[in-house]
Each structure stands twice: as C-alpha cells, then as structure tokens.
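What follows is a single structure, written as structure tokens, with notes after it.
Fair warning: this is a prediction, and the values are worked out from it, not measured in the lab.
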Amino acid sequence: METLKRDRSPLGDAVALLVCGVLAGILAAAAAFPLAGLFGMAAENSIQSFESLPTELTQPVLPQTSYVYASDGETLITSFYEENRREVALTDVSPLMVEALLAAEDSKFYEHNGVDWAGIVRAAVANQGGDSQGASTLTMQFVRNTLIYSASTIDEVIAASEDTYERKLSEARYAMAIEEYMSKEEILEGYLNVIYLGNQAYGVNAGSWTYFNKSPSELTLAEAATLASLPKFPSFADGLLGGEGDDTQIVERRNWVIQRMADLGSISQAEADEAIALPLGLNPRAERNECVDVSPSSWGFFCDYFKEWWASNPAFGETERDRISLLNRGGFKIVTSLDAELQNEATEELADEVDVDRPEALGSVTITPGTGHIRAMAVNRVYSLDQTDNGPRSDGDDSKPSNYPNTTIPLLSGNEKVNGYPGGSTFKMFTMLAALDKGWPLETRVPSPGQYASQYLMSGDALDDSESDCQHFTRDNVRYGHWCPKNDGSWSAAPLNMWGMFGRSSNTAFVRLQEMVGVSAAYEAAVASGVDFYNSPLNEAYENGTIDESQGTFTLGLHSTTPLEMAESYATVAAGGLHCEPLPVMTVIGADGQEWTDAAAPQCNQAFPEEVAYAAVSAGRCVVGQSADGTQCSGSGTAASAASGFGRPLFGKTGTADSNRSYWFIGATPNAATATFVGDPDATHRDDVATQSLKTSVKEAGIAILKDAVRDLEEEDWPKPSDAMVNGKNLTSIPSIDCMDPDDARSRVANAGFEASIAAGQFDSDCKEGEAFATSPTGSAPDGASVYILVSNGSGYEEEEPGDDETTGGPGGGGGGGGGGGGD
C-alpha cells in the first residue's frame with residue numbers, strides 16, 4: 001500500500017477551505033438533492049464538514065491477472081485472476097484511447113483542479129428538470145474506485161459508492177488534494193488501470209485484449225471509442241463475446257463518443273464519419289481462467305499440476321490460501337517448462353494407440369534429467385469437469401461417473417487421494433541401485449530358476465497350493481508358506497549378472513537380490529529417486545521396522561506409483577544420481593518486473609554416487625538392446641525390438657504389474673526421461689488390462705515420444721561403468737559348494753565372513769536330493785553379505801553304473817542352462 005500525501009500550507013488551506021467548503025457544500029449537495037432542500041443548509045456547517053474530511057488517500061495494490069505460458073514464453077496456457085487486469089503505463093496506451101476516454105468522461109480534465117464546479121451546477125439544474133447527469137470528474141471517479149479497492153469491510157464499500165451528499169463531498173476533497181501531488185498523467189494512468197469494462201475485464205489492457213485481442217497501444221479509433229463507452233455502461237457488452245446479445249446500444253454509445261471527439265477537435269469530421277460507418281468489429285480473445293478453460297484440453301493436466309506445485313511452494317506465502325491468492329492477484333508472468341510442440345506430439349502418439357473413449361488410460365510424462373523440468377504430461381483423456389456423457393465404469397460402480405473421456409483426476413501426477421498404478425518390474429531398478437550402492441558389483445551372479453522359493457512368508461488366502469515346490473507349514477493354527485515367484489513363462493537360466501537379470505527382467509533373480517540387500521534398502525532407493533508411495537502400507541512398514549519381513553513383493557512392483565514419479569526416478573539415474581524435484585516452471589516474473597529466481601530454481605540433491613548411477617544405466621541399456629562399451633548384455637532385452645531404431649544412447653525398463661493390471665515402459669537419455677503406462681483408473685486392480693497389444697502400444701508410444709523429445713537436443717552419452725562397479729572392490733570370494741551336507745556348507749560360507757543361511761525350498765541340480773550344491777550369489781561378495789545355501793531336489797541326479805567313477809557332477813547353477821526370453 002502506498003500512502004499519498006501533499007504539503008500543507010495553513011494559510012492557503014484556510015482560504016481554500018473557506019471558498020471550497022462553501023462551494024462544495026452547496027454545489028455537491030445540489031448534485032444529489034432537490035434544490036428546495038438546499039436552502040436550509042447553512043454555509044457554516046458546509047465549511048465545517050469540508051474541513052473535517054481527510055486529504056490523504058491510500059492507493060491500494062490492484063489485483064492483476066497472472067499469465068501462464070508454455071516454455072517458448074509466447075504460447076498462452078491459461079491465466080489466473082480475481083479480476084482480469086494487467087496494469088500498463090500511459091505511454092503503452094494509444095493516444096486515441098486517451099482522447100476517446102476524455103471525450104466520454106471528462107473533456108475539461110486538463111482544465112479543472114479535480115472538481116468541475118460548473119459541471120456540478122449544470123448537473124444539479126438538469127437533474128431538477130428530470131434529466132440524469134453526472135457531475136463527477138475523471139479524478140473523482142479515480143478517487144471513488146480507489147476508495148472501493150481500499151475498503152476492508154462491506155460497509156466501507158457501500159460508503160464509497162452510495163449516491164449521497166457525504167460521499168460526493170468526500171470525493172471532491174480527495175480529488176482536490178490528489179491534483180496537488182499527482183500529475184494529470186499519473187491520475188489518467190491510474191484511472192485507465194482501475195476502470196471496469198464489462199465481461200470481467202478490469203483496466204484498459206484487459207479490455208483491449210478481451211474485446212479486440214490486441215494491445216491497447218494498437219487500438220483503432222473505433223475500437224478506442226468502444227472501450228471508452230463502457231465505464232458508464234459495461235452491461236452494454238453483456239453476451240456479445242459469445243455471439244449473442246444486441247449490439248445496438250453499444251454501437252450508439254460508441255458513435256456518440258466518436259462524434260464527441262470530432263466536436264472537441266480531437267479528430268476530423270471525416271475521420272469520425274469513417275469510424276462511425278464501421279461495424280462493431282469485436283475480435284474477442286477467449287480469456288482462459290485456471291485449468292478447465294485450457295485449450296487444447298489435454299494441457300489441463302499439466303496446468304493442474306502447476307497449480308498444485310504453486311499452492312505447495314512456501315516461497316509464495318505461508319499458507320495454501322495465501323499462495324493461491326497471490327497467484328490470482330499478483331500479476332505474474334510465468335513461463336512454464338511445458339514444451340508445446342512435444343505436448344501436442346505426445347498427445348497425438350497416445351491417441352493413435354488408445355482412443356479416449358476406452359476405459360484404459362494411456363499416458364506419458366517427460367522430464368529433463370538434472371533439472372526436473374516437466375516437458376510434457378499427456379494422456380488419452382479430456383481435462384473437463386463435465387462427466388455427464390462419460391462411458392460406463394469398468395468396476396461396475398454406477399454411483400459415480402467414470403473417468404473417460406472427461407476427467408480432472410490427476411492421472412499422471414497423483415496426490416494424497418490418487419495412488420497411481422502398480423509399477424511392475426520397473427521397481428527392479430530400485431533393488432539394483434540398492435545392491436550397487438552396498439558394494440555388489442554388476443558381475444554379481446544370481447540364480448534365475450523358473451520358480452524360486454523365497455524367504456518371504458505368506459499366509460492364509462495368499463498361499464497358492466499349486467506351488468508344490470514351495471514349503472508350507474502351520475504356526476499357531478495359521479497356514480504359512482514361502483512366497484514362490486516365477487519368471488514370466490517360467491523360463492530359467494544359469495546364474496545371471498546384473499546386466500542379464502535386468503535386461504531380461506528375471507523375477508526370481510531380483511527377489512533373491514532383494515533378499516541380499518533388504519527390502520528397506522530398496523525402498524530407500526526408491527524414495528531417494530523420487531517415489532512418494534502415497535497412502536501405501538510401505539511407508540508405515542518402513543517406519544515401524546517391519547518392511548523387510550512383510551513387503552517381500554516390493555521388487556516386483558505390486559505397489560502403486562505414478563508416471564510423474566517414475567519419470568522423476570529414472571531421470572535421477574540418467575543424471576548420474578542427481579535427484580531433482582519435478583519442476584513445472586522456467587521463470588516467474590512479478591508485476592514489478594522482478595524475477596523470483598529462488599522460487600523457480602531446480603531443487604536437486606545427490607541421491608546416489610555417480611558411479612552407482614552409471615552402473616545402473618549400463619544394466620538398463622541391456623533392456624533396449626544396446627551393448628555399449630563396458631556393458632555385457634546376455635539374451636534379448638524386453639524392449640530391444642521396440643527400441644531398435646532409436647539411434648541414440650538409451651536405457652530403460654519395461655514392467656508388467658501382477659495379473660496384467662498395468663504395463664510400463666520407461667526410457668531415458670542423458671537429457672530426457674519418459675515414463676509411459678497403461679492402466680484402468682476406475683479399477684486399478686482390474687486384471688488383464690495390459691493385453692499384449694497394449695503392451696506393444698506402450699513401448700511404441702514411449703519410444704516415439706522420447707524420440708520427439710530429443711530430436712532438437714544434442715546427442716549425449718554416459719561414461720562406461722567403473723571397474724570397481726563392474727568387478728567390485730574389497731570383495732571376498734564365496735567358497736564353492738559341491739554336493740555336500742547343507743549344515744557343513746553353511747559353516748564353510750560363514751567361516752569365510754558371510755551371513756550364511758539355507759535357502760527355502762529345493763532347486764534343480766545334479767546332486768542328490770537334500771544335498772547343498774551351490775550358493776546364491778556365486779563368485780565373490782562384500783564382507784558380511786547375505787549368502788544362501790541352495791539345496792538340490794535331485795532332479796538331475798543319476799545313479800552311477802557299476803564300475804564307473806564314484807563322483808557326482810559338479811555344482812549346478814540354480815536352475816540349469818535354460819534360456820528363454822525376457823519376463824516382466
């Protein structure tokens with residue numbers, strides 16, 4: 001707030017008050033009351049009333065519209081406002097607009113000292129004759145609007161606007177004072193920014209854009225006269241912007257203003273005649289307010305995320321209410337990170353794969369590694385509140401509308417009420433990061449049997465009696481069994497290193513790797529990367545210390561996440577372990593032209609050592625079939641075919657959630673990370689959403705969007721993994737096991753400095769049933785690491801014929817040498 005003051009001269013004020021008090025008391029009252037009522041008013045009382053009025057006027061900070069643009073700084077996404085206004089300098093307004101306004105409102109503006117006494121007399125006389133004329137100068141109108149905006153109560157608003165003698169007298173006193181400390185140009189500029197011009201347009205800038213889609217500096221004579229006709233009659237424009245209503249009144253008023261300008265000599269009669277002959281010529285710009293008015297509608301999901309980001313950012317106020325109020329009133333120019341071209345291309349790619357009229361949501365988010373800038377948030381949905389014609393819900397709950405094609409649910413970003421979709425095998429990244437960070441090298445080899453009897457227990461209905469190879473037992477009258485995950489299609493392989501197990505997405509190997517590092521470590525890696533786990537039991541289990549026993553399925557991604565979180569977490573890996581919070585803005589500039597640099601700055605931290613991240617990248621390149629320098633892939637990666645023509649350094653991961661409830665492809669380059677998914681938001685536990693054709697769609701759409709994202713970016717690459725990350729450092733050799741008693745094998749491994757235990761279940765090998773035949777992992781491991789002793793089921797054992805050597809075969813590999821494709 002700025003308090004306006006003037007220098008005071010006691011003698012000058014006394015004379016002015018004597019003269020002006022009498023005139024104001026009589027003449028201002030004449031404008032408001034019948035002449036007969038004035039004769040009983042004493043001049044002395046008028047002087048006293050005028051003297052008692054204040055002369056200092058507090059100018060309020062006017063609410064201004066905040067405009068939100070795409071990353072090019074020109075493509076308007078939306079605006080936020082309480083009153084659609086953007087203040088402009090007088091020098092940025094066409095002189096025709098100024099002349100039109102003065103002709104319409106106050107032709108003697110440059111002659112009076114704030115009060116037009118002769119005009120007040122004329123108005124009083126005219127009003128007695130039945131006419132209705134105003135007597136307020138432009139300065140007095142400016143005072144009135146200023147008092148209204150300064151009001152803090154409804155009573156003050158009424159007092160500033162009601163048609164009374166006291167109000168007019170107060171306005172006159174203020175107007176005379178203002179004319180002493182403000183120039184005519186300053187008053188005119190203030191007036192141009194405060195007037196209401198109908199259709200939620202406050203000030204000449206908003207009016208110019210609202211009615212004619214142009215800057216006020218570009219207004220023509222006819223357009224300027226149209227705007228000048230509206231301060232007294234804003235209702236004349238009602239309905240016209242929507243192509244409805246009668247423009248007769250506003251045209252007549254406009255033409256009167258034009259002729260008035262000619263009569264005053266501001267323009268020639270020929271110019272007036274030419275302008276009067278023109279049609280109204282409205283060319284309205286649709287003023288987008290908040291996210292439901294965004295066009296294209298697919299941009300609404302990004303807009304919604306931007307608003308949530310702003311509301312949660314303490315840089316913009318102490319409370320969420322304060323922050324949103326600032327956005328609606330602050331007059332910001334906000335350049336977001338949204339790449340308009342990429343957003344539109346991504347929307348088209350998704351629509352080509354899955355139509356908006358299907359319950360399956362196909363969506364994608366692209367983030368810049370190293371900054372967190374969100375470049376695209378696209379999904380096959382229409383951002384709209386109107387759900388009356390939506391399709392039937394796939395979960396059968398007819399008590400609420402479905403989410404397709406129209407919805408405002410944050411399908412891509414989630415919140416405390418929207419958990420997202422099961423992440424599937426994309427979570428294997430977090431287990432691998434935890435293992436690498438704990439010192440397990442890429443060359444760590446872990447058995448990959450078709451089915452694995454894990455150390456994680458399940459009970460009751462969760463047990464699958466068909467899993468005959470899994471151990472079952474009863475404790476306290478409750479049936480328990482070891483969780484026995486399988487590879488997709490039950491394929492098996494000899495022990496795989498991390499390149500092989502990640503590229504081929506071995507479920508059994510990753511469950512074993514998770515046993516080696518602990519669920520808590522994998523969970524911590526996920527959180528450090530950027531996953532929040534909204535409303536997930538994981539958070540509570542981690543806090544109370546039960547996560548390692550109760551959440552063994554973590555690495556297979558039965559828990560929900562969002563596309564934004566997965567793009568964020570894989571961008572962390574792509575950026576060498578640098579995690580950056582998702583950021584929807586590039587610059588935030590206040591109405592005063594000052595940039596809010598801290599509010600728009602990337603918020604980043606080093607989540608993992610660079611060498612850990614680059615090792616994970618190397619394993620991720622096997623998924624997309626890129627055997628780069630330092631990368632040792634085996635078998636066929638789960639997305640190798642879809643990514644074959646990408647042509648740049650790339651890593652990624654596919655993921656199928658349990659029972660095909662969702663499917664994912666996440667791909668990243670050093671300068672872009674894209675997470676693409678398909679799922680059913682109405683029924684996140686619906687089985688078989690991710691049909692084979694939709695799995696293909698996700699991969700193809702994800703690769704296409706990522707290719708669009710890097711098209712104009714320089715090609716970059718990652719360094720190859722260090723020798724320490726490939727082969728390990730300070731590792732201890734794990735003793736070999738050769739068809740021996742399990743307890744003896746455990747003692748041998750424990751004596752070597754490891755935490756040794758016998759694995760649950762039995763596995764295929766050439767040893768006798770019940771004999772220990774191998775360890776998991778094999779080779780070497782960090783001191784104190786968890787090492788399991790594998791026990792044979794005897795499937796490959798053969799009795800020796802008489803006369804043969806009495807030796808048995810060598811140690812098995814935990815499942816034979818079966819190949820097979822990848823599995824999620």
So, for Ala175 and Gly114, which heavy atoms are closest and what is the spacing to 0.1 Å?
-> CB-O, 3.5 Å
Asp339 side, atom CG; Arg375 side, atom CZ - distance, nearest 0.5 Å | 5.0 Å
Is there a donor-acceptor contact under 3.5 Å from the side chain of Thr371 to the main chain of His373?
-> yes
Given side-chain contact (heavy atoms from CB on, under 4.5 Å), test Leu282 with Asp247 step by step and report yes or no.
-> CA-CA 10 Å; Leu282 297 180; Asp247 65 4; over 6 Å; no
side-chain hydrogen bond (donor to acceptor under 3.5 Å, both in side chains), paired with Trp299, selected from Thr336, Asn344, Asp304, Thr78 | Asn344
Evaluate the side-chain contact (heavy atoms from CB on, under 4.5 Å) criterion for residues Met261 and Leu221: first the C-alpha distance (whole Å), next the side-chain angles of each, then the deciding distance (0.1 Å), finally the verdict.
-> CA-CA 10 Å; Met261 293 173 70; Leu221 171 58; 3.6 Å; yes
Check: Arg253 side chain, Ala225 main-chain N or O, donor-acceptor pair, under 3.5 Å = no
Salt bridge Glu318-Arg323, side-chain N to carboxylate O under 4.0 Å | no
Is there a donor-acceptor contact under 3.5 Å from the side chain of Glu99 to the main chain of Leu96?
-> no
Quick one: do the Gln141 and Asn145 side chains pair a donor with an acceptor below 3.5 Å?
-> no
May I have the step-by-step check of side-chain contact (heavy atoms from CB on, under 4.5 Å) for Met140 and Tyr174, ending in yes or no?
-> CA-CA 8 Å; Met140 293 173 68; Tyr174 274 131; over 6 Å; no
Could you verify whether a donor N or O on one side chain and an acceptor N or O on the other, from Ser66 and Arg329, lie under 3.5 Å apart?
-> no
Distance, nearest 0.5 Å, that separates CG of Leu188 from OH of Tyr110 = 5.5 Å
Thr137 and Asp116: side chain donor to acceptor below 3.5 Å = no
When the ring planes of Trp310 and Phe316 are compared, do they come out parallel, tilted or perpendicular, using 30° and 60° as the limits?
-> parallel
When you look at CD of Glu320, are more than 12 heavy atoms from neighbouring residues, nucleotides or ligands closer to it than 6.0 Å?
-> no
Closest heavy-atom pair, Thr65 versus Arg86, reported as atoms and distance to 0.1 Å, is O-NH1, 2.9 Å
Do we see a donor-acceptor contact under 3.5 Å between the side chains of Gln259 and Asp263?
-> yes
Over all heavy atoms of both residues, which pair between Tyr305 and Pro582 is shortest? Give the atoms and the distance, please.
-> OH-CB, 3.4 Å
Quiz item: cation-pi between Lys307 and Phe80, 6.0 Å / 45° = no
Picking from Tyr81, Trp596, Tyr69, Tyr67, what satisfies ring pair (Phe, Tyr, Trp, His ring centres under 6.0 Å) with Phe332?
-> Trp596
So, Thr226 side chain and Ala222 main chain: donor-acceptor pair closer than 3.5 Å or not?
-> yes
Taking the side chain from Arg85 and the backbone from Ala201, do they hold a donor-acceptor pair closer than 3.5 Å?
-> no
Assess the side chains of Ser215 and Glu218: does a donor N or O sit below 3.5 Å from an acceptor N or O?
-> no
Least distance between heavy atoms, Leu278 atom then Glu274 atom | CG-O, 3.5 Å
Minimum heavy-atom distance between Phe302 and Pro584, given as atom pair plus value | CZ-O, 3.4 Å
Any donor-acceptor N/O pair, Ser337 side chain to Ile374 backbone, under 3.5 Å | yes
Check: Thr319 side chain, Asp322 main-chain N or O, donor-acceptor pair, under 3.5 Å | yes
Nearest-0.5 Å distance that lies between atom CG in Asn328 and atom CD in Gln64 | 13.0 Å
Would you check if the side chain of Tyr211 reaches a backbone N or O of Leu197 as a donor-acceptor pair within less than 3.5 Å?
-> yes
Do Phe236 and Phe233 make the cut of ring centroids closer than 6.0 angstrom?
-> yes
Are any side-chain N or O atoms of Ser312 and backbone N or O atoms of Glu308, one a donor and one an acceptor, separated by less than 3.5 Å?
-> yes
Donor + acceptor pair across side chains of Asp386, Ser384 (<3.5 Å) | no
Just how far is it from atom OG of Ser229 to atom CD1 of Ile258, taken to the nearest 0.5 Å?
-> 9.0 Å
Without swapping roles, check the side chain of Asp92 against the backbone of Pro216 for a donor-acceptor pair under 3.5 Å.
-> no
Output field: ring centroids Tyr196/Tyr202 closer than 6.0 Å = yes
Under 3.5 Å, is there a donor-acceptor pair linking the side chains of Ser136 and Arg144?
-> yes
Starting from the C-alpha separation in whole Å, work towards a yes-or-no answer on side-chain contact (heavy atoms from CB on, under 4.5 Å) for Phe306 and Ile77.
-> CA-CA 11 Å; Phe306 158 76; Ile77 297 176; over 6 Å; no
For Ser235 and Asp238, does a side-chain donor sit closer than 3.5 Å to a side-chain acceptor?
-> no
Looking just at side-chain N and O atoms, do Asn84 and Trp209 make a donor-acceptor pair shorter than 3.5 Å?
-> no
Hey, could you give me the CD/CZ distance between Glu179 and Phe142, rounded to the nearest 0.5 Å?
-> 10.5 Å
OG1 on Thr347 to CE on Met377, rounded to 0.5 Å = 11.5 Å
Atom of Leu338, atom of Ala376 and distance for their closest heavy-atom approach = CD1-CA, 4.1 Å
